[in-house]
There are 2 protein chains.
Amino acid sequence: MARRPVTTSQNTKDLDARKATILEAVVAEHIDTAQPVGSSSVAHSADLDVSPATVRSEMVALEHEGYLAQPHTSAGRVPTDKGYRYFVDHLKSGVMSSAQQHQVQDFFANVRGEVEDVLQQTSSLLSRLTNYTSVVVRASHGHASILSVQLVSLDARHQVLVVVFSDGAVIKHSIMSTYDASFEDVTEASRQLNALLLTTTLESRVQVPSRSDNVATLVREAVSVLHAEQPTLDGEQVFIGGSSRVAEVFDGVETVRTVLSILEQELLVVTLIQDILGRGLSVAIGSEHGYEALSSCAVIVAPVTIDGEPAGAVGLLGPTRMKYPEALAAAAMVSQQLTRHLDGEDGLG
Amino acid sequence: MARRPVTTSQNTKDLDARKATILEAVVAEHIDTAQPVGSSSVAHSADLDVSPATVRSEMVALEHEGYLAQPHTSAGRVPTDKGYRYFVDHLKSGVMSSAQQHQVQDFFANVRGEVEDVLQQTSSLLSRLTNYTSVVVRASHGHASILSVQLVSLDARHQVLVVVFSDGAVIKHSIMSTYDASFEDVTEASRQLNALLLTTTLESRVQVPSRSDNVATLVREAVSVLHAEQPTLDGEQVFIGGSSRVAEVFDGVETVRTVLSILEQELLVVTLIQDILGRGLSVAIGSEHGYEALSSCAVIVAPVTIDGEPAGAVGLLGPTRMKYPEALAAAAMVSQQLTRHLDGEDGLG
DNA sequence: GGTTAGCACTCGGTAGAATCGAGTGCTAGC
DNA sequence: GCTAGCACTCGATTCTACCGAGTGCTAACC
């Protein structure tokens, strides 16, 4: 997956009022119709009392400044990524239909079950609301403290390590011992692990016993397996909803393929979302997120917190000509309601 | 999702040798080219020494008997589901390239990690091998015996119930108590739960204490939450690999959409696979599996066992004109190797 | 100077006609 | 029973003409 350098500054200085109106009209209409937009329809729709000819001359200016592009001579104008960016940056906060608002409220009033299930369903909800593919990311439990460690024997050579975190997450790891571990060994190792790890986090490193008896070996093995957890995927979980939307929202089999195959790579998705979030954006349009393969996509993200701490994010993936007002509003409302829901449950469903 | 009655008997009585050869030639060529197949190419390719005209008259017969169809007059023939069925039923066992065989062996020689990860990667492997979308289903732990039950307190009102099964699976459930549970209450409840549930299975029902003290309430809550596990999804896990293949393998956005949206519904996928498996088939073609929406798909399944007991299945989803010999061989080899891998690990990775 | 009406020009999209050709079904003869 | 021959069908391709939405430019207008 080719990664291009990221443009940090948006370089969207304000346009004069009329250019802005025209740009916004073009973007809005193109989002609506998926067609290049001509000067006359802009002249009529936007309530500036000027002739198409005037609009045209403004359009060439906007084209020179990089906000618009022309698929070919004698076609209308189409927004560039920069054009969309301006549009998004100058959006007055959108609204959701009250029917949709109710839908969200009802959802959160009625969900129950494990956090994982709630997050998966939230992802589906967001996708249904917007008709785009939705992504919900749950932050890693890297800095949640450990509440319980338990080693359970499957048989003499196989043990399962189960760790419960303060955020309610549970992880398991399988351990294969190199010698036959007695029931007592395992129980004792389990006891020592608790003593060792309780209240620490996955990020902290602990002193392991250096003895070479069976129990110490088990303990060392368990601790090392836990610490090995980090490098791969940081323990984030990804929940994708409405992946079938990809097929209806993008045109061109090739694009659909590419986007789907990116969605298959959870690590990539997590990185992407965190990247955007880290840059303090709520939308990344086209080339902005730096993934060549997603150059025809826009990504909307909204953070989710628990007790004020970052706990994940919700995201939406659509074409650059996505319905920003609605999508932004939906993402905002869902992330906010999800945050409240998780807070209300003390960090766990 | 409309469900049609399932055809149980295949009704594929043998055809005479020449018809069979012709039918097989048509199917093979159509799988290869995706085009309707004409009489002359069959006459040349298959080594029957007859003229196209003869082939033609056989073809009308095959059409009457329902093995072939004509998209329109003056086009070649295309196999029907029944035609594919005959082809599959009379397939001499296919072969995999030795390169692919090595790929599979290398994979299983080198995978490590949790079963879940292994299964997910196996799914990706199978998809890469075949260029179709792959599904790996892990059977529910409904009749694995319980090795350990633990109740962990998040805070006074929230507990996490963690259960470890003999097959190495770990499940968790969140519990909200209606009163403040002390640390001692939780420890005691945990102890009692162990006494109650150890060596039982999720399917068995146990006698819960009828007292109304705090501990008993916790215990009842925990047990009921466990038993409630069953009805929804039976605890099966689904791992889908290469969903992006859908976009390149089916034509028509609508089909892609439908197939993707079915893959989103895990319950449906599990049912489908188990259904096919239950009918003792290894392939379900077009209308055979009874899902209207998948009428242009073929599904290949192969069971996976642990110690001879059913433990899940691997599956492939492709168009009815999929490359059956290769796909069947790949599914067979992967399921067999996976079975061996899981057996070798004593039922757990 | 900014705005506008007028106009010639561009060029993608569509509709229709002509044609091609792969493939069929039928029939008569071997 | 097989096959050569033949008329016929019908989707796909190509070509042409043409329409019209939209542009850029210029000259006049306020």
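Letters A, B, ... mirror the listed sequences (proteins, then strands); counts begin at 1.
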Between [X] and [Y], do the side chains contain an N or O donor and an N or O acceptor separated by less than 3.5 Å?
X         : Y         : value
Ser45(A)  : Glu29(A)  : no
Ser295(B) : Ser287(B) : no
Ser243(A) : Thr133(A) : no
Glu326(A) : Thr130(A) : no

What is the distance from [atom1] of [X] to [atom2] of [N], rounded to the nearest Å?
X        : N       : atom1 : atom2 : result
Glu63(A) : dG24(D) : CD    : C1'   : 12 Å
His30(B) : dG23(C) : NE2   : P     : 13 Å
Ile22(B) : dC2(D)  : CD1   : C1'   : 13 Å
Glu58(B) : dG25(C) : CD    : P     : 13 Å
Leu62(A) : dG24(D) : CG    : C1'   : 16 Å
Met59(A) : dG24(D) : CE    : P     : 9 Å

**OP:** Just compare dC2(D), dG24(D), dG22(D) and give me whichever is closest to any side-chain atom of Arg18(B).
**Re:** dC2(D)

Original post:
Between the main-chain N or O of Val50(B) and the side-chain N or O of Thr54(B), is there a donor-acceptor pair closer than 3.5 Å?
Top reply: no

Original post:
Salt-bridged, Arg85(B) to Asp89(B), with N to O below 4.0 Å?
Top reply: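 Looking at Asp89(B) together with Arg85(B), the answer is yes, because their closest N to O distance falls below 4.0 Å.
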
Original post:
Should Asp275(A) and Arg279(A) count as an ion pair when the cut-off is N to O under 4.0 Å?
Top reply: yes

Original post:
Does a nitrogen or oxygen in the side chain of Arg77(A) sit under 4.0 Å from OP1 or OP2 of dA21(D)?
Top reply: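 No, Arg77(A) has no side-chain N/O under 4.0 Å of OP1/OP2 on dA21(D).
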
Original post:
Hey, is the side chain of Thr54(B) poking within less than 4.0 Å of OP1 or OP2 on dT3(D), counting only N and O atoms?
Top reply: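 True: Thr54(B) side-chain N/O within range (under 4.0 Å) of dT3(D) OP1/OP2.
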
**OP:** Going 5' to 3' through nucleotides 7-16 of chain D, assign each nucleotide B (protein heavy atom under 4.0 Å from a base atom), S (under 4.0 Å only from sugar-phosphate atoms) or - (no protein heavy atom that close).
**Re:** --BBS-----

Original post:
Can you give one letter per nucleotide of nucleotides 25-30 of chain D, 5' to 3': B if a protein heavy atom sits under 4.0 Å from the base, S if only from the sugar-phosphate, - if neither?
Top reply: B-----

**OP:** Describe the nucleic acid contact of Ser39(A) in one word from base, sugar-phosphate, nothing, applying a heavy-atom distance below 4.0 Å.
**Re:**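 If one applies the 4.0 Å heavy-atom cut-off, Ser39(A) turns out to touch the sugar-phosphate alone, with no base involved.
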
Subject >> Earlier contact from the 5' end, DNA chain C, for Ser57(A) and Ser57(B) >> reply: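 By nearest-heavy-atom nucleotide position, the 5'-most residue is Ser57(A).
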
**OP:** Using a cut-off of 6.0 Å, state whether more than 12 heavy atoms not belonging to Asp49(B) lie near its atom CG.
**Re:**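 Incorrect, the count does not exceed 12.
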
Original post:
For atom NE2 of His72(A), is the number of surrounding heavy atoms from other residues, nucleotides or ligands below 6.0 Å larger than 12?
Top reply: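 Yes, enclosed.
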
